Number of protein chains: 2
Amino acid sequence: MSALVTILDDEPEIRQLLTETLEEAGFKVQSFGRAREFEAALNRITPDVCLIDLSLPDTDGLALVHRLAQDQGAAVIIISGRAQVQDRVAGLELGADDYITKPFDPIEVVARVRARLRGGSRSPSGSTNPSSARFTGWRAHFDRFVLSDDTGTEVPFSQAEGEVLRLFLENPKRLISRAQMQEQLGGGAGDSFDRAMDVRISRLRTKLRDDPKNPTLIKTIYGAGYIFLDDVEW
Amino acid sequence: MSALVTILDDEPEIRQLLTETLEEAGFKVQSFGRAREFEAALNRITPDVCLIDLSLPDTDGLALVHRLAQDQGAAVIIISGRAQVQDRVAGLELGADDYITKPFDPIEVVARVRARLRGGSRSPSGSTNPSSARFTGWRAHFDRFVLSDDTGTEVPFSQAEGEVLRLFLENPKRLISRAQMQEQLGGGAGDSFDRAMDVRISRLRTKLRDDPKNPTLIKTIYGAGYIFLDDVEW
DNA sequence: CCCAATTCTTACGAATTGTTTCAGCGCCAG
DNA sequence: CTGGCGCTGAAACAATTCGTAAGAATTGGG
């Protein structure tokens, strides 16, 4: 299923150039020289991407862009001879998805049309991020807030513990100072906050069954901070 | 709820310039000087738009852009000093949503970031809301306001319960904070509204026969929010 | 206006996290 | 080797957050 791209521009050469290039790229193309014709056509077609030159005489740009973007769900790319920053910003604020200035390279136009088609199908909040990490003897599941053993035993960890754990797993074999922790974990730079951090780490060590005096995972560097000793695979 | 924009660029002045402008425009901003830091941070943040200078030394641009666009569902805007058409086309084909060349006007960057956010939230015009979802042991029918068991037993749920349930089922395996709930469920930021939310969830858990202390479906993350643990199929 | 269903508020016990406190350890000077 | 000083670990306690029962307020239908 090839996507439908429309062109609205009053210069025939530009229409032809774009039409050719886009068709070579595998799109279905329909071009128009006047806004009236284009608007009439909208009643029977639903374009996926619209290339528009807004400097036409009979155009109410705002209404047109709005109709395309809002009602039709089409992506709008403005192609204009006006290259000033304020023109571009105005076009984008109008609701356009992209703004290309003349003269343009048709190859780039094709690339930007493709980008718009990709963007349309993107799910707003669907996918999950890599939220599971593995290291010696353990696997941490940040989507469920549990640590799982080699034997399958599961130990839940809390939010506070998880923040520390995550910071370690993101920076293995690197010294992490208390200052960095406070910054990363957003703790107010309170006077006794470092003690809270100690407690967090202490509790985390208990769950990981790691002995501070003989650490396998979390090593204390006296006067400097902590290091996560193991390799981590996300 | 303001969108989160990240910046990845090795030049501190550019980071600062963009950060200031974007924050003035009302976005939340986090900037990074190295790809490694940025990638680490991706484990705990989910940016909506990512501004990236790919000419960094330690960057595998392809992988990074792919990860952002595919896994995280973020929009990617490349900001680069390379202005050749082939560079721009290459960047866009890589999966980026936009390509801005240095030097740039920060105002235009803001406009293009906004355009990206609009694009992401554009509602898929054709598809209607599915009104039924399935997860372990249950099927939720939002058109009839009932939950049906494996055995066919039906449990009705009310409007308020349904709102919470739907929010969970639309964001499985993701932490949902109380703030997000209040925003999504339109609850005024009342003083004691958080208790009402607790009660809603409590009742929902009762109907789902889910024990808070040993949850299968709705897990509490103390001090952070809730997570729906199961996979969901609509 | 009354009744029933739903939702919110209040209240209190339970679980989690932060803070205080102190014992113990590493490091260094002598 | 030894004692002092600052840093760290963790027990005990305090503060915060959460779960839910019970009653009050709101909504909707007659």
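Keep in mind that this is a model prediction, so the values were computed, not measured. Every chain is numbered from 1 and lettered A, B, ... according to where its sequence line falls, protein lines coming before strand lines.
Contacts between residues 211-223 of chain A and DNA chain D, defined by a heavy-atom separation below 4.0 Å, involve P212(A), T220(A), Y222(A), G223(A), listed by number. Shown for residues 169-177 of chain A: no residue has heavy atoms falling under 4.0 angstrom of DNA chain D.
For D210(A) (side chain) and P215(A) (main-chain N/O), no donor-acceptor pair under 3.5 Å exists by modelled atom type. Although no hydrogens or angles enter the test, the distance criterion places a donor-acceptor pair under 3.5 Å between the side chain of R118(B) and the main chain of A96(A). Although no hydrogens or angles enter the test, the distance criterion places no donor-acceptor pair under 3.5 Å between the side chain of D48(B) and the main chain of A3(B). The backbone N or O of S202(A) lies less than 3.5 Å from a partner atom in the side chain of T206(A), making a donor-acceptor pair. Between the side chain of E170(A) and the main chain of L167(A), no donor-acceptor pair closer than 3.5 Å is present.
As rounded to whole Å, 9 Å separates atom P of dT16(C) from atom CD of E161(A). For the pair I201(B) CD1 and dT20(D) P, the interatomic distance rounds to 10 Å; values are reported in whole Å. One atom, CE of M197(B), and another, P of dC8(C), lie 8 Å apart when rounded to the nearest Å. Separating the CZ atom of R205(B) from the C1' atom of dA21(D) is a distance of 15 Å, rounded to the nearest angstrom. A straight line from CE of M181(B) to C1' of dT7(C) spans 17 Å, rounded to a whole angstrom. Atom C1' of nucleotide dT8(D) and atom CD1 of I227(A) are separated by 16 Å, given to the nearest angstrom. Atom CG in D198(A) sits about 12 Å away from atom C1' in dG18(C), given to the nearest Å. Atoms CG (L204(B)) and C1' (dG19(D)) sit 14 Å apart, rounded to a whole Å.
If you check dG18(C), dA10(D), dT17(C) against the side chain of R200(A), the one that comes closest is dG18(C). Of the candidates dC18(D), dT17(C), dT9(C), the closest approach to any side-chain atom of R178(B) belongs to dC18(D).
Nearest approach of D9(B) to R15(B), heavy atoms of both residues: O-NH1, 2.7 Å.
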Take nucleotides 23-30 of chain D nucleotide by nucleotide from the 5' end and write B, S or -, depending on whether a protein heavy atom sits under 4.0 Å from the base, only from the sugar-phosphate, or from neither. --------

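Along DNA chain C, the nucleotide nearest S158(A) and the nucleotide nearest A160(B) are compared for position; the residue whose nucleotide lies closer to the 5' end is A160(B). Taking for each of Q159(A) and V199(B) the nucleotide of DNA chain C with the nearest heavy atom, the 5'-most of the two is the partner of V199(B).
Under 4.0 angstrom from either OP1 or OP2 of dT20(C) there lies no side-chain N or O belonging to R195(A).
Ring geometry for F32(B) against F38(B) counts as tilted: the plane angle lies between 30° and 60°, on a 0 to 90° scale. Ring planes of F145(A) and F157(A): tilted class, angle from 30 to 60°.
The closest side-chain donor-acceptor pair between S131(B) and R166(B), if any, does not fall under 3.5 angstrom. For the residue pair R112(A)/Y99(B), the side-chain donor-acceptor check at 3.5 Å is not satisfied.
Looking only at side-chain heavy atoms (C-beta outward), L147(A) and L208(A) come within less than 4.5 Å of each other. Proximity of I52(A) to V76(A): side-chain heavy atoms (C-beta onward) are separated by under 4.5 Å at one or more points.
The residue Y226(B) sits close only to the backbone: its heavy atoms come under 4.0 Å of sugar-phosphate atoms, none of a base.
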